[in-house]
Novice: 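Starting off with a structure, shown below.
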Amino acid sequence: MSVPKTNLHPPFRFLRASHATFTSRDLAKSREFYTEVLGLLVSDEDKDTLYLRGLEERAHHSLTIKRTQDEPACLRVGMRVYDEEELERAKHTFEQHGLLCRWADEPFQGRTLHTVDAVGTPLEIVASMTHQPRRDMQVQMHKGSASRRFDHYQITVPDVHKAAVFYTSLGFRIADYLTVGDHPIGVFLHVKNTPYDIVFVERDGPAFHHFGYIVPDIPSMLRACDIMGELGWGEDVEFGPGKHSLGHSYYVYLLDPDGHRVELLLPPIVYMDGDDPPVVWDVRTVKRPVEAWGLPPRSSWFSQRSRFLDCEVTHPPAAGSPLTLEKYLGLTVTEKGD
Ligand SMILES: [Fe+2]
């Protein structure tokens, strides 16, 4: 099994996956969801935009929600580089790949590069943002799941290998590589020292599957679920709480009022050594790659994603059929002969 090798001396250094921007049909509902359920702080807002951050984040925002009249979408996902020099090098590198780059003016952010990756994911790269106070110590301000910081996002694409080659050439390391035999169907990439920053899974795309925030502990996760129930969003506790087989953490997936999916997860393991090799998981031998125990996700977890604006969506040549809750229950009924 050949796994793409990380370029240890990339033309510039990414720091981490840091933020994302979505659209919403109802900003008031979005505000209620992200402040009451996740416990995010509102760094700024006006009638058309909401800027949110986690309790330990000094960066002005890790989540931006913009008002829309249209079908809600993910506008772009954000990454950090160390400084302006790296940002210039990032632009040069993306242009060398033939990828369109333009400078954008985004509030509360330093110079901002809008571009797209090799598999069509709309990206925003920045080196700086306006600073806000950290609120991790002010426990009297903590609400909901007391979400600490933005962690990662997952994108579905038809060509996982292409995504893996592109990002490893830019210094990303592969923590886990999910395959069917020699065919890759999932790549779990990171540049910070915890898994993950960006994950690509084989399905039609590019489309946005979920983003994750770190929460302190299991009770915080349960508190988010409780609040979802009390606020009338119980049905939108979509999957979990549970434990991933290869995610190195516990999880719960929630759908926000516009159908954007957020994962709450506990602080994951730490990658400390440069020679820590990717772990290859062949789904023919791993019985349940998503969940270590409990029931599989309902079919919406696989099928429902946020679209990217103006992105041509293509399909993989032959995608497998995931084990859904509906299929699992159907199989159980058939096997029992009920
Ligand atoms: Fe995740």
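Counting from 1, the numbers follow the sequence of the chain as shown. First listed ligand is number 1; within each ligand, the first listed atom is number 1.
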Novice: Should the pair K143-E36 be classified as a salt bridge under the 4.0 Å nitrogen-to-oxygen rule?
Specialist: yes
Novice: Suppose we call two aromatic rings close when their centres sit under 6.0 Å apart. Are Y177 and F188 close by that rule?
Specialist: no
Novice: Looking only at side-chain N and O atoms, does S300 offer a donor or acceptor that is under 3.5 Å from a partner on E238?
Specialist: yes
Novice: Sorted by chain and residue number, which protein N/O/S atoms are under 2.8 Å from the Fe ion (ligand 1)?
Specialist: H152 NE2, H210 NE2, E263 OE1
Novice: Are the charged groups of R25 and D258 less than 4.0 angstrom apart, N to O?
Specialist: no
Novice: Side chain of R261, backbone of L255: donor and acceptor closer than 3.5 Å?
Specialist: no
Novice: So, for F166 and F94, is the gap between ring centers shorter than 6.0 Å?
Specialist: yes
